[in-house]
Structure formats: C-alpha cells, structure tokens
Amino acid sequence: MANSRRGSAADKGILMSIRTHYCGELSAEHVGQTVTVAGWVDTRRVHSEHLAFVDVRDHTGVVQVVVDQKVDVRSEYVVAVTGLVRARPDGMINAELASGEIEIADTNVQILNEAEPPPFPMHDRNEVDENIRLRHRYVDLRRSKMQRNLRARAKVNSAIRGAMERQGFCEIETPMLIASTPEGARDFVVPSRLNPGDFYALPQSPQLFKQLTMVGGMDRYYQIARCLRDEDLRADRQFEFMQLDAEASFVDQEDVFEFISEAVADATEAVTGERPTDIPTMTWHEAQERFGSDKPDTRFGMELNDITDLFAETESNVFKTPVVKGIRMPGGADSLGRNAIDDLTDKAKRWGAKGLAWFRVRDEGLEGALTKFMSEAEISGVQERLEAESGDMVFLIADDRRVANKVLGLLRLELGKPPVNEGGFNFLWITDFPLFEAVVDGNPIPAHHPFTMPHADDIEMLTTATGDEWLDIRSQAYDLTLNGWELGSGSIRIFQRDVQAQIFELLGIGPDEQQAKFGFLLDAFRFGAPPHGGFAFGIDRLTALLVGEENIREVIAFPKTQSGSDPLTNAPSPIDPSQLDELGLRVVPRAD
RNA sequence: GGUCCCGUGGUGAAGUCAGGAGUUCACGCCGCCCUGUCAAGGCGGAGGUCGCGAGUUCAAAUCUCGUCGGGACCGCCA
C-alpha cells in the first residue's frame with residue numbers, strides 16, 4: 001500500500017514523504033535516528049547558502065532543522081524534512097524549546113507546497129484584529145493558542161461523553177428541523193419546499209424531545225447538542241452553541257447534581273489536570289443577598305451587607321427606604337478619584353438606583369457628601385458593620401431589596417472582578433430558583449418553562465398566594481455557575497397532570513394554547529410519564545473558562561461576529577431567486 | 001432598538017484632544033552580505049485612497065455630519 005501511495009504521488013511530480021515523527025516529540029532519546037518530520041516553516045535564521053536554521057512546526061511543536069545547502073523555504077511553506085537527529089553542540093541548547101537539546105542535520109528538505117506570506121504574524125506577541133483573524137481563520141487555527149483551545153475543547157467533549165456513558169446515559173440524537181414554538185428565544189427558521197409557506201424551526205434546545213425520551217423509557221438520555229437562538233450576540237453568546245443536554249428518570253435534584261458534577265469534574269480534570277472537589281450549593285435567595293446575582297462570582301469577597309436596621313430612626317431622606325445595603329472596597333479610598341466615583345454613580349443610576357452613597361474611610365472616620373445628614377451612630381455603625389478600615393471605600397444603596405441587591409451586585413463586579421484566568425475554578429450550584437420572576441397585573445410570570453416542578457414545600461402556596469407572594473414560591477430549578485458565568489440550568493419536571501393543569505391555569509395558558517404550544521408533550525404525558533429531571537450546560541462557556549478565555553469565539557473554530565456574519569464565508573448572503581421561487585418566498589424590499 | 005470604544009503600508013502601534021507636505025517606531029516583505037542561529041545579524045529597498053462619503057477650512061488622518069465594518073455592554077437570551 002505504502003509503495004503504491006508513493007508511486008501515485010511521484011507520478012504527479014510530488015515527492016511524498018511519510019512522516020516518522022512529530023516535531024514536538026523529538027528529544028535526546030532520538031539521537032542517531034534518521035527521521036522525517038512534516039509541517040510548516042516557522043521561523044528561519046538564514047546565514048548563507050552554507051548554513052540556515054529552519055524551525056519546522058506541526059501541531060505538537062517545533063524542531064530545529066539545520067540546512068547546509070541553498071533551499072528557498074519561506075514562512076509557512078509546507079515541507080517534509082528527512083535527516084539525522086543529533087545532539088546540539090555545547091552551548092547551543094535552547095532551554096525554551098521542548099526539542100531544544102537536539103536538531104535535525106544532514107537534511108533533505110522537500111517543499112510540498114509554497115505559501116504566500118501569512119496575513120498576520122503567526123506568533124502571539126501582539127493581538128491581531130479579530131476580523132482579520134476570522135477572515136483567514138484557517139491560518140489563525142495554526143497558531144498555538146487556537147490549537148490549544150480547540151484541542152482542549154475536544155478533551156472536554158470526550159471527557160463528558162466518557163462520564164455520561166459510565167453513568168449509564170444513552171446518547172440519543174434529536175432532530176434539527178422541528179416545529180416552531182413561540183416560547184422563549186427567537187427561532188431560526190427554515191422554509192419547507194414541500195409545503196410552501198410552512199416553516200421548520202431549528203431547536204433552541206432539545207428540551208421537549210428529551211422529555212419525550214423519558215416517556216419513551218430511555219431512562220437516562222444525553223446528547224452533546226447544537227442549540228440555535230436568533231438573539232443578539234455577546235462575548236459569551238453565539239447563534240449556535242453546544243450543550244451537554246441530559247435527562248434522567250426516577251431522579252431527584254441531588255441525583256442530577258451528582259451526574260452533572262461528575263461530567264464537569266471530568267472535563268475540568270481533562271483540561272487542567274486538577275479535579276474540582278465537591279461542588280457547593282447555595283440557594284438563589286442567599287446568592288442574591290450576599291452577591292446580588294444569581295450567578296455569583298465567589299472568587300473574591302466584597303459581599304453585600306444588609307444594614308437596614310442602622311437607619312431605622314434616620315433623619316436622612318436618602319436612607320428612609322425598605323432596604324439599605326453596602327459593600328466595602330478595600331483600599332478604594334485612595335484608588336478611586338472623583339471622576340471614577342462619578343462614573344460609578346452614573347452606572348448605578350443606569351442599573352436602576354436612585355443614586356450611589358459613597359464614603360472614604362479615614363482614620364478620623366467616614367468622609368462623604370452624605371455624612372452631614374447622618375447621625376454619629378449611623379456613621380460609626382456603617383463603618384463597624386462593613387468592617388471598614390482606613391483607606392477603604394464604602395458604597396451604600398438605599399432602595400427596595402431587589403434594586404439594592406442588583407445594583408450592588410453589579411458594582412461589586414465592576415470594582416473587584418478578577419481576570420478570567422485567576423482564582424481557580426469555583427463551580428457552584430444555585431438552588432431553589434423562584435418559580436415566577438414577576439407579577440404583572442396580578443398574574444405571575446414564569447421564570448423558566450412551564451414544566452418546572454414547584455418546590456415540594458411551596459406547592460400549597462400555589463393556591464393561596466396573592467400579589468408579590470407569588471415571588472416567594474420556589475421551584476426545583478437550579479443553575480450551575482462557574483466564576484460568575486452561568487454554565488447551565490435544569491429542573492425537576494412536572495409529570496403529574498393535575499399539577500401541570502394548575503400551573504397552566506396560573507399562567508393563564510388556556511387549553512387551546514396548551515395544545516398549540518406543547519400538544520405533543522402533553523399528549524405523551526397521558527401515556528405514563530415517569531418522574532424525571534435534567535440539566536444542560538454550555539460547552540463553549542465551560543471550555544472558554546477552563547482555558548482562560550473571556551470570549552467563547554476563542555474556543556469555536558468558525559464563529560460569527562457580533563453582527564452575526566462570518567468574514568470567512570461571507571454568510572449570511574442573498575440566495576438565488578429560483579431558490580426563493582421554489583420555496584414560495586418573496587423578499588420584501590427594505591424600507592429605508 | 002439603545003449607549004460606549006476602535007478603524008493609519010501585510011501586522012501591531014504612535015500621530016487625532018490643540019488642522020499645516022503620508023511623518024514615526026517595532027515586526028513582516030523583497031534584494032545583497034554572512035558557516036551556529038533560535039524573535040539571528042549587517043546593509044539597502046519596496047509597500048498608503050489614514051474604512052467610505054459629504055461638509056467646514058487657504059489647508060483635514062486630525063474638526064462636524066452621515067455611512068460601513070469590528071468590539072464591549074443594555075434591551076433581548078422561557
């Protein structure tokens with residue numbers, strides 16, 4: 001076989017050489033062996049026709065090749081080099097290089113393909129405009145960071161598969177062309193040729209299908225699933241993204257935590273070499289009170305303190321509010337100037353606060369515009385309760401509880417959030433999410449999908465709650481967070497028809513609407529649905545954090561820009577009028 | 001739908017606030033020299049519609065307006 005392959009290549013005038021080793025694996029133990037490596041020309045150090053050093057690079061690393069004849073190789077030429085591995089002469093060892101103790105000499109260099117100079121440097125000594133990187137993504141992928149990131153991603157996928165298989169999960173593929181449901185995010189839509197005027201939707205997630213597999217007796221389902229949502233893009237959001245999607249029958253919340261924790265622990269270990277220990281849990285309520293967020297970044301302190309009671313008798317109108325909370329920024333008194341504080345005040349207002357109370361902590365006590373409206377007891381109380389020391393900065397928000405938590409939570413991140421690659425990997429389960437996120441005209445609005453099981457202790461409240469009491473009803477919904485990022489969410493699902501009917505009624509979803517939106521799932525539930533629950537987490541986000549990237553585009557081979565285009569393929573693009581005809585579509589001219 | 005930042009030879013930056021000849025730096029590219037470099041070195045050279053279009057001005061990379069592209073964020077993402 002090898003002979004015939006050589007023969008056919010030679011027929012085309014190309015001398016094919018079969019690689020014997022990867023560049024990065026060669027070391028002192030190969031000295032004396034004749035080897036062939038193949039790859040791209042990295043840096044060259046050409047002295048003359050009589051001596052040149054060429055670094056040949058493949059995905060494993062680079063190796064120095066000594067060329068003692070005239071060979072015209074340039075950046076990114078594709079070469080195969082055969083030669084003798086020898087120890088470098090004394091004093092010529094490069095400790096920076098894995099293969100730095102050796103070099104390949106007495107070489108025969110075959111140019112397999114020439115290459116134009118790369119559109120940007122292959123080294124990573126400076127940032128390259130992302131648009132240019134994406135336009136030439138095939139070149140960008142050759143760079144060490146993208147090699148590392150994509151290979152880390154492959155490890156994550158592999159580790160997840162291993163963990164799920166080991167735990168008895170069955171991989172099931174669900175369709176990409178499905179019926180549109182008006183819930184949730186905006187659908188991507190695909191016109192039907194056989195039924196002109198009708199459309200498929202691309203799945204936002206396999207949610208309903210995975211529940212059907214539970215009714216179908218599959219017991220434990222998983223899928224590394226592509227999900228599509230036509231919403232605006234962000235650093236942590238692409239149109240298409242990958243999730244580990246899982247669902248299991250006859251399980252409770254703790255079971256779900258266990259098998260998902262196993263998957264993320266395996267994935268983390270595969271990439272970083274360190275396995276996270278037991279993942280702690282925190283209730284949604286505690287996360288809001290301590291961190292002002294449902295995805296708290298627990299890598300740093302600056303927690304929120306409730307000091308409402310200090311102002312029970314206050315004379316100051318600013319603090320005559322349902323809640324007063326504060327955070328302390330260590331050393332902030334000296335690092336934050338007046339402009340920075342004004343900037344923070346603007347932000348606090350944009351986030352919904354009426355204002356931002358701030359105090360510099362000095363040896364003499366608190367300094368700030370509001371101190372003249374505060375009593376001695378209030379001033380000293382703030383300092384004591386926030387454990388503020390000289391040199392610190394203290395910020396207070398006086399408002400209702402929701403606003404105070406939200407604004408201080410965002411302020412805390414603004415002032416203290418560490419870089420993405422610092423502080424280790426702090427996974428955290430957030431439990432007991434509220435079942436409803438708001439009350440509009442006296443009617444509760446669901447926080448998740450309508451199949452989320454209410455908390456067992458709160459089911460009675462479903463019949464008694466009024467007004468804002470709806471917001472106190474907890475659900476068996478939970479999130480997994482990592483260093484302040486939401487990785488994913490899940491819930492125990494409602495499987496009893498009476499509870500489901502009750503929820504639909506509360507949500508004001510009548511029988512017709514139920515049938516239109518979820519008909520097939522409700523039908524399925526009539527035929528014996530087991531208790532079940534599940535989870536899904538984003539693989540792009542997990543991988544990005546594990547490799548220390550703050551942008552998921554860095555762990556996606558061919559991502560879209562923020563405006564949803566692909567500089568490499570120029571998607572999206574118009575289609576041929578005949579295609580429109582076939583689909584029964586007509587494009588409405590843009591109104592300008 | 002909105003707020004903010006960016007756009008200068010192939011790449012990265014400085015120049016823009018305070019208008020005065022396409023000026024500068026590093027890398028890369030091309031040529032010559034060079035037998036131990038490793039981000040090789042020396043000498044020489046080429047390469048530009050300062051994203052695009054209007055406007056202001058004697059004069060615009062620089063100021064104004066618009067527009068295109070990229071990025072961060074708000075809205076949105078059950």
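Chain A is the first sequence line, chain B the second, and so forth, proteins listed ahead of strands; every chain is numbered from 1.
Side-chain atoms of His123(A) lie closest to C27(B) of the nucleotides C27(B), U37(B), G70(B). In the set U37(B), U35(B), U11(B), U11(B) carries the atom at the smallest distance from any side-chain atom of Val128(A). Proximity note for Ile132(A) (side chain, C-beta onward) versus U35(B), A40(B), U11(B): the nearest is U11(B). Nearest nucleotide to the Pro121(A) side chain, out of G36(B), C76(B), U11(B): U11(B).
Distance noted for atom P between A60(B) and C74(B): 41 Å (whole Å). The P atoms of G41(B) and G28(B) are separated by 8 Å, rounded to the nearest whole Å. Across U16(B) and U8(B), the matching C1' atoms stand 11 Å from one another, rounded to whole Å. Distance check on atom C1': C27(B) versus G69(B) gives 25 Å, rounded to whole Å. On the P atoms, A14(B) is 15 Å away from C63(B), given to the nearest whole Å. A gap of 15 Å separates the C1' atoms of G12(B) and C29(B), to the nearest Å. When the C1' atom is used for both A21(B) and G15(B), the distance is 15 Å, rounded to whole Å. To the nearest whole angstrom, the two P atoms, one in G47(B) and one in G19(B), are 32 Å apart.
For the residue pair Asp566(A)/Thr569(A), the side-chain donor-acceptor check at 3.5 Å is satisfied. There is a side-chain donor-acceptor pair under 3.5 Å between Gln204(A) and Asp187(A). Between the side chains of Thr213(A) and Glu247(A), no donor-acceptor pair is found at a separation under 3.5 Å.
The side chain of Arg229(A) contributes no N or O atom lying less than 4.0 Å from OP1 or OP2 of C76(B). Contact annotation: Gln562(A) side-chain N/O to A72(B) OP1/OP2 distance is under 4.0 Å. Contact check, Ser75(A) against C29(B): a side-chain N or O comes under 4.0 Å of OP1 or OP2. Considering only side-chain N and O atoms, Arg234(A) lies under 4.0 angstrom from the phosphate OP1 or OP2 of C74(B). Of the side-chain N and O atoms in Thr43(A), one or more sit less than 4.0 angstrom from OP1 or OP2 of A40(B). For G71(B), the OP1/OP2 oxygens have no side-chain nitrogen or oxygen of Arg133(A) closer than 4.0 Å. Asn551(A) has a side-chain polar atom (N or O) that falls below the 4.0 Å cut-off from OP1 or OP2 of A72(B). At least one side-chain nitrogen or oxygen of Arg44(A) sits closer than 4.0 Å to the OP1 or OP2 atom of C29(B). For Arg45(A), a side-chain nitrogen or oxygen approaches OP1 or OP2 of A40(B) to under 4.0 Å. Put simply, Ser48(A) has no side-chain N or O that comes within less than 4.0 Å of OP1 or OP2 on U37(B).
For G12(B), the base has no donor-acceptor partner in the side chain of Asp129(A) [N/O atoms by modelled type, under 3.5 angstrom]. Looking at Glu116(A), its side chain has no donor and acceptor atom pair within 3.5 Å of the base of G10(B). For U35(B), the base has no donor-acceptor partner in the side chain of Glu49(A) [N/O atoms by modelled type, under 3.5 angstrom]. Judged by atom type and distance alone, Arg88(A) reaches the base of C38(B) through a side-chain donor-acceptor pair under 3.5 Å.
Distance Asp566(A) CG to G70(B) P: 11 Å, rounded to the nearest Å. Rounded to an integer number of Å, the gap from Asn131(A) CG to G7(B) P is 14 Å. When the C1' atom of U3(B) is taken as reference, atom NZ of Lys347(A) falls 12 Å away, rounded to whole Å. For the pair Asn570(A) CG and C68(B) P, the interatomic distance rounds to 17 Å; values are reported in whole Å. For Arg135(A) and G51(B), the CZ to P distance is 15 Å, given to the nearest whole Å.
Looking at Glu103(A) and Arg86(A), a side-chain N of the basic residue comes within less than 4.0 Å of a carboxylate O on the acidic one, giving a salt bridge.
By the 30° and 60° cut-offs, the orientation of the rings of Phe239(A) relative to Phe188(A) is perpendicular. Note: Phe535(A) and Phe537(A) have tilted aromatic rings, judged against thresholds of 30 and 60 degrees for the angle between ring planes.
Counting only heavy atoms from C-beta outward, the side chains of Met453(A) and Ile494(A) approach each other to under 4.5 Å.
Across all strands shown, the partner of C58(B) is G20(B), judged by Watson-Crick or G-U wobble contacts whose two distances both fall under 3.5 Å. Using the Watson-Crick or G-U wobble rule with both distances under 3.5 Å, A72(B) pairs with U3(B). With a cut-off of 3.5 Å on both pairing distances, the Watson-Crick or G-U wobble partner of G44(B) is C30(B). The partner of U35(B) cannot be assigned: no Watson-Crick or G-U wobble pair with both contacts below 3.5 Å exists in any strand.
Of the residues near RNA chain B, Arg125(A) and Pro567(A), the one whose nearest nucleotide (by heavy atom distance) lies more toward the 5' end is Arg125(A). Residue order along RNA chain B, read from the 5' end via each residue's closest nucleotide, puts Arg74(A) first among Arg74(A) and Leu51(A).
The aromatic ring of Phe120(A) does not stack onto the base of U11(B), failing the criterion of a centre distance under 5.5 Å from the six-membered base ring together with planes under 30° apart.
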**Q.** Intermediate values then yes/no, side chain to side chain donor-acceptor pair (under 3.5 Å), Thr43(A) and Asp55(A)
**A.** CA-CA 5 Å; Thr43(A) 57; Asp55(A) 289 341; 3.0 Å; yes
